[in-house]
Every structure is written in C-alpha cells, then in structure tokens.
Amino acid sequence: MTEHITLTVNGVAHEVDVDLRWTLVDVLRLVLRQTGTHVGCEHGVCGTCTVLVDGLPARACLILAGQADGHEIETVEGLGTAEHPHPLQAAFSRHRALQCGFCTPGFLMLAAGLLREEPRPDPARIRDVVASNLCRCTAYDGIIAAIEDAAGSAGAGHPRDLG
Amino acid sequence: MKPPPLRYLRAHDPEEAVELLAEYGDEAKVIAGGQSLVPLLNFRLARPSVLVDIGAVTPWATLVSGDRSLELGALTTHLRIERAGGTEPFRGLEVLPRTASLIGHLPIRSRGTIGGSLAHGDPAAEWCILAVLLDAEATLCSGRGERRVPLTRLLQGFFTTTIAPDEVLTAVTFPRTGAAASLVEHAPRHGDFALVAAAAAAEPADGVCRRPRIVLGGVGPTPVRVPDAEDVLAGRALTPDVVAAAAAAAAAAVDPPSDAHASSAHRRRLVATLVTRALTHVGGRAREGRAA
C-alpha cells in the first residue's frame with residue numbers, strides 16, 4: 001500500500017511514495033539513498049540507526065514511514081563533512097572513539113541530541129545515555145571522552161552551518 | 001526483518017480512531033509510539049492486518065492536573081514525564097517522573113508512551129506496576145462509549161488486557177493519595193527490562209504506616225500485590241526490623257518463574273532485596289514529609 005508522505009531530512013523537504021509499513025531507516029537508506037544512517041538489529045536494541053526526530057534521539061528502525069510523515073528528521077549526513085567535520089566528529093577522531101565505524105552514526109546522533117538538550121552533561125550522564133547504543137569494538141571510553149570534549153564546543157548539539 | 005504486509009491507517013481525531021477500530025478492531029492493532037509494537041512487527045511476532053496510528057490524535061496527549069488526581073493522556077511520552085519532575089502537576093506523584101528514567105533508554109523514552117506501555121501489558125513494565133500500586137484507572141473509548149477500568153482489572157496476564165478489540169486506551173488517571181511511594185528494580189544492565197521490580201507505597205501518619213502497598217513486577221503474569229507483606233507493615237513504623245520482616249514475607253509469598261535470564265530462586269532473593277530498598281526509600285520520604 002504505497003502512499004505519499006513528506007519528510008524533512010536535514011532541512012530538505014522530500015516528498016516520497018512509500019509503503020507506510022516500511023521503517024524510517026529503510027526510507028532513508030533505500031528510498032532517499034542516504035546511507036549514512038546504518039541499520040543493525042531492526043528491533044531497537046543496537047542503536048546504530050539512531051537519528052533525531054523533531055530534535056530528539058530516536059531509533060529509525062522503530063518508526064514506521066507513516067509515523068514519520070510530516071516530521072523533521074536529522075541524520076549524520078547533516079552533521080558535517082570530511083572537510084568540515086562537526087565538533088562531535090572531530091572529537092570522535094581525536095579520541096579514537098571508533099574502530100570499525102559501524103555504530104558511529106548512531107552514537108554521533110545520540111550525542112548530538114543529548115548536547116542539544118544538555119550542553120554540559122557530566123561524565124556519569126554521558127555514560128548513562130551512551131548505554132543505549134552498542135559498540136562491539138568496545139570504544140566506549142573513547143566515545144565518552146569525545147562527547148565530554150565536544151560538549152565544550154559551540155554548536156556541538158547542532159548541525160554545522162555548511163553555508 | 002520488516003513488518004508484515006498490513007494496512008496502515010491514520011486517525012486524525014478521536015472520532016476517526018474509534019470509527020476505524022469499530023470497523024477493523026478484530027484484525028487491528030493500535031500504534032502510538034510503537035516502541036514495543038514495532039519490534040514485534042519487525043520480528044513478525046505480531047501480524048495484525050491493520051494498524052491504526054493514533055499518534056496525531058492530540059486530545060489524547062493532554063495532561064489534566066486536578067486537586068484529587070492527575071490524568072495523563074495515553075500519548076504522553078516517558079521522556080515528557082521524566083522531564084516533568086519537580087513541576088506542579090506531579091506534586092505528590094513524584095514517583096512517576098523518578099521512575100520514568102528507568103524505562104529503556106533516551107531514544108526509547110522520546111517515543112514510547114504511557115498508554116502504549118499499559119496497553120502492551122508487560123508484567124515487568126514500570127508503568128503497569130505503578131498503576132497497580134497507586135490505584136490508577138485507565139480510560140477506554142469505543143463507539144459504545146467510554147469506561148474507566150482500574151489497572152488491576154485491565155491487566156489480565158502476560159501481554160493480555162481486558163481492552164476490547166474496538167476499544168482504545170486514551171488516558172490513565174492517578175489519584176493524589178498523599179502516599180509516599182518508590183519503585184526500584186534490578187536489571188543486568190541499565191535500560192534492560194527488569195528481572196524483578198518492587199514498588200511500595202504508604203501514607204505516613206503519626207510515624208506509622210497507613211494503607212501500605214507492595215507490588216512486584218517480573219514474578220508472574222501481571223504485577224502482583226503481596227498482602228502477606230502489607231499485613232506485616234500495617235500500623236507499624238518502618239523500622240529496619242519491620243522492613244526486613246515485610247521483605248521476607250514478600251519473598252515467601254511469590255513463586256517467580258525460572259527462565260534464561262534468572263532462576264526462580266534468584267528472583268525470590270531479588271524480591272527480598274528490592275522490597276527492602278523500596279520500603280526504606282518510602283520510610284525516608286515519609287519522614288521528610290514528602291508524598292510519593
């Protein structure tokens with residue numbers, strides 16, 4: 001049952017025809033071809049598909065296309081670029097907060113959502129929040145250090161203005 | 001995996017939601033936040049042929065704060081309740097925002113709703129346990145009208161409720177009893193489903209317990225009250241000896257299941273530990289003169 005929906009992804013409105021039972025992560029990857037958001041477990045456990053929906057972190061595998069209709073989605077593509085990394089991306093690089101990188105888009109968006117609401121979370125709060133996502137390369141110490149480091153930067157909870 | 005083929009229908013107001021359920025109720029599931037239902041759909045453990053999305057039915061997202069009760073619309077997210085800690089509507093019901101932080105993780109709490117959690121009926125779910133503890137009532141709507149049902153009668157067994165196929169849970173109402181209350185739980189990792197949860201409430205009066213309540217989650221098919229343990233407390237001060245006696249009575253009164261996550265004996269020991277903690281917390285709050 002294909003229907004017309006409107007999604008705003010990183011500030012750009014997209015009108016797409018999708019089956020409303022598809023998950024948001026499949027719409028992002030398979031329809032919009034924005035593959036920065038990864039898909040792992042498809043039942044809300046691993047967190048690699050974490051995106052921001054109306055500014056709050058959410059699992060893109062647990063949101064159906066119909067539920068996302070009319071909402072604002074932010075993905076890792078909106079954070080920064082290789083040439084102009086977002087403060088969180090730069091901090092993840094500095095602190096070696098990734099190894100294979102599969103979980104990284106989810107951690108970045110989780111952290112961006114956290115810092116937008118709480119600009120200076122203490123390490124215990126960061127630990128609590130990142131417990132929601134799985135990193136099998138066990139880079140948690142680096143991830144926590146990177147988020148703490150980026151928390152001091154201007155605009156750490158917001159996408160870079162790529163002008 | 002992906003959700004099975006289904007018709008996805010969106011309600012834009014209460015009337016439309018009720019009409020859709022009257023037409024498709026037997027084959028439909030209601031979806032709100034989807035944080036329990038979508039995993040079941042993705043695994044195809046749930047195979048409804050119709051989904052009725054009530055996410056846009058804004059009257060069911062309202063909060064009505066009265067002198068005698070607090071009514072939370074079914075679409076109220078866990079995160080909204082968590083962040084409402086310290087605000088006027090939750091005065092005397094602070095146990096609600098405190099407990100919200102135990103539910104899943106931030107990205108789950110941003111989407112999941114209190115109505116969805118109650119209608120899902122997981123016996124270890126924090127809202128189910130607190131709703132039983134605090135004598136909350138669910139409001140159910142259908143084309144036949146509206147009815148209010150205490151959660152003790154709504155929750156029938158594992159993921160089983162008395163919500164009729166054409167009904168939708170639209171709100172939950174917590175009475176303001178003035179009781180001090182606490183919910184504590186044990187999960188192997190923070191954010192996991194609790195192996196066992198214990199909630200306690202008591203109305204402080206002249207240093208002794210009035211109307212003590214103890215409710216356990218994760219020890220049976222629904223949250224269960226333990227009258228044997230409550231009887232130990234009635235009319236007595238919450239001294240360490242009394243708390244220990246109540247905790248022992250609670251552990252003796254339950255016969256929790258064994259499964260891959262924990263043995264029955266382990267769960268029983270957790271009951272004793274968690275009831276002790278919950279009652280100690282309640283005693284502390286009562287001494288400070290703070291409700292819930």
Side-chain angles (χ1 to χ4, degrees), chain A residues 1-3 5 18-27 30 39-71 106-107 109-111 113-114 116-118 121 124-134, chain B residues 1-12 29-58 75 77-80 82-83 101-113 116 187-193:
Chain A
M1 194 171 70
T2 302
E3 282 192 39
I5 64 167
V18 297
D19 190 328
L20 297 182
R21 72 177 161 117
W22 289 0
T23 57
L24 173 61
V25 70
D26 283 344
V27 174
L30 304 178
V39 55
C41 70
E42 296 191 317
H43 64 292
V45 170
C46 78
T48 193
C49 68
T50 304
V51 298
L52 303 187
V53 178
D54 299 333
L56 292 173
R59 306 279 204 240
C61 75
L62 294 190
I63 298 173
L64 302 181
Q67 293 179 290
D69 187 13
H71 291 274
F107 274 103
M109 297 315 291
L110 179 70
L114 171 67
R116 188 172 303 179
E117 301 276 328
E118 301 172 36
R125 173 65 176 154
I126 296 171
R127 288 183 80 86
D128 179 50
V129 170
V130 300
S132 90
N133 286 23
L134 296 180
Chain B
M1 283 169 61
K2 317 291 180 190
L6 48 79
R7 291 185 67 190
Y8 182 99
L9 304 173
R10 277 177 287 192
H12 300 90
K29 284 289 281 183
V30 172
I31 185 165
Q35 300 301 288
S36 298
L37 182 56
V38 178
L40 294 175
L41 292 172
N42 285 356
F43 274 125
R44 305 205 173 186
L45 295 170
R47 304 185 70 111
S49 54
V50 175
L51 276 189
V52 176
D53 183 354
I54 61 167
V57 183
T58 47
L75 297 176
T77 63
H78 313 313
L79 187 63
R80 184 170 160 209
E82 180 183 8
R83 290 186 173 166
S101 65
L102 299 177
I103 301 170
H105 297 285
L106 172 62
I108 302 293
R109 296 198 290 275
S110 71
R111 304 284 307 173
T113 66
R189 293 166 301 186
H190 176 62
D192 279 3
F193 292 104

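Naming: A, B, ... by sequence-line order, numbering from 1 per chain.
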Student: Under 3.5 Å, is there a donor-acceptor pair between the side chain of A:Gln67 and the main chain of A:Leu64?
Tutor: yes

Student: Picking from A:Thr50, A:Asp26, A:Leu110, which has the most non-hydrogen pairs under 4.5 angstrom with chain B?
Tutor: A:Asp26

Student: Do you know which of A:Val129, A:Val45, A:Asp128 has the most heavy-atom pairs under 4.5 Å to chain B?
Tutor: A:Asp128

Student: What part of B:Pro4 gets within 4.5 angstrom of chain A, counting heavy atoms only: side chain, backbone, both, or neither?
Tutor: backbone

Student: Can you tell me which portion of A:Val39 sits under 4.5 Å from chain B's heavy atoms? Options are side chain, backbone, both or neither.
Tutor: neither

Student: A:Asp69, A:Val53, A:Val51: which one forms the most heavy-atom pairs within less than 4.5 Å of chain B?
Tutor: A:Asp69

Student: At a heavy-atom distance under 4.5 Å, which candidate from B:Pro5, B:Ser101, B:Gly33 has the highest pair count against chain A?
Tutor: B:Pro5

Student: Which bit of A:Asp54 is near chain B, if near means a heavy-atom gap under 4.5 Å: side chain, backbone, both or neither?
Tutor: neither

Student: With a 4.5 angstrom heavy-atom cut-off, is it the side chain or the backbone of B:Arg10 that approaches chain A, or both, or neither?
Tutor: side chain

Student: In terms of heavy-atom proximity below 4.5 Å to chain A, should B:Leu40 be classed as side chain, backbone, both, or neither?
Tutor: neither

Student: Hydrogens and angles aside, do A:His43 and B:Asn42 bring a side-chain donor and acceptor to less than 3.5 Å of each other?
Tutor: no

Student: Does any backbone or side-chain atom of A:Leu52 lie under 4.5 Å from a heavy atom of chain B? Answer side chain, backbone, both or neither.
Tutor: neither

Student: Identify which part of B:Leu37 has an atom lying under 4.5 Å from any heavy atom of chain A, answering side chain, backbone, both or neither.
Tutor: neither

Student: Determine, for A:Arg59 against A:Glu42, whether the closest basic-nitrogen to carboxylate-oxygen distance falls under 4.0 angstrom.
Tutor: no

Student: Does the A:Arg21 side chain pair with the main chain of B:Pro3, one donor and one acceptor, at a distance under 3.5 Å?
Tutor: yes

